[in-house]
Amino acid sequence: MKTVGTWRRAGYTLVELVTVCAVMLVLAAVALPTATYTNKRIKEAELRSHLRQMRNAIDEHKRYSDVGLIPIEIGTDGYPGELENLVEPIQLIGQVEGEIRFLRRIPVDPMTGEAEWGLLSYQDDPDDRSWGGENVYDVYSLSNGVGLNRVRYREW
């Protein structure tokens, strides 16, 4: 038979449980803002990538029209008439089978979750936020949010 002095206690004391809970709470408090900023950084990187991709496609469309490889719509100055024109195949001039697409699809704005973008035409002022409708010279996000760099997404 064992005596009272030789028994080992099983389990944790209340102080040990409170200490473990406090440490876990501090770790969670540090991890949550980090996860939030990481998610926002990922969306911002995706937004930059989509804007760069569409702006490069607009520039390529203009370059192709300037050298006469694709037909120019009247009043567009060589820029695409609509954003959807970058997705549709365009017949190359002087080639029977030659077609080109500048984008596979219009990307989704990660900040709004929709494939809708703000447009500017070549004739619009750079600070305007209403599209004149003549052509597509630039694109921007329709989100009202502000980035981690404290610049509104509309101004990227």
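Quick note: residue numbers are just sequence positions, from 1. The figures here come from the full heavy-atom set of this structure, side chains too, leaving out hydrogens, waters and symmetry mates.
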Treating Lys43 as the side-chain partner and Thr38 as the backbone partner, does any N or O pair qualify as donor plus acceptor under 3.5 Å? no

Considering only heavy atoms from C-beta outward, does the side chain of Gln123 approach that of Asp77 to under 4.5 Å? yes

Would the distance check show the side chain of Thr19 and the main-chain N or O of Val15 forming a donor-acceptor pair, the cut-off being under 3.5 Å? yes

Would you check if Glu99 and Ile90 make a side-chain contact, meaning some heavy-atom pair closer than 4.5 Å? no

Tyr137, OH: over 12 other non-hydrogen atoms inside 6.0 angstrom: no

Would you confirm whether Trp117, through its side chain, and Pro107, through its main-chain N or O, come within 3.5 Å as a donor-acceptor pair? yes

Any donor-acceptor N/O pair, Glu16 side chain to Thr13 backbone, under 3.5 Å: yes

Do the side chains of His50 and Asp109 get nearer than 4.5 Å, heavy atoms only? no

Is the side chain of Arg101 donor-acceptor paired with the backbone N or O of Glu88 at a distance under 3.5 Å, no angle test? no

Distance flag, aromatic centroids of Tyr64 and Phe102, threshold under 6.0 Å: yes

Examine distances only and state if a side-chain atom of Glu44 and a backbone atom of Leu148 form a donor-acceptor pair shorter than 3.5 Å. yes

Would you compute the distance between atom CD of Glu134 and atom CG of Asp124 and round it to the nearest 0.5 angstrom? 6.0 Å

Does either side chain, that of Asn85 or that of Glu73, offer a donor lying less than 3.5 Å from an acceptor on the other one? yes

Side chain Asp66, main chain Gly78, donor-acceptor under 3.5 Å: no

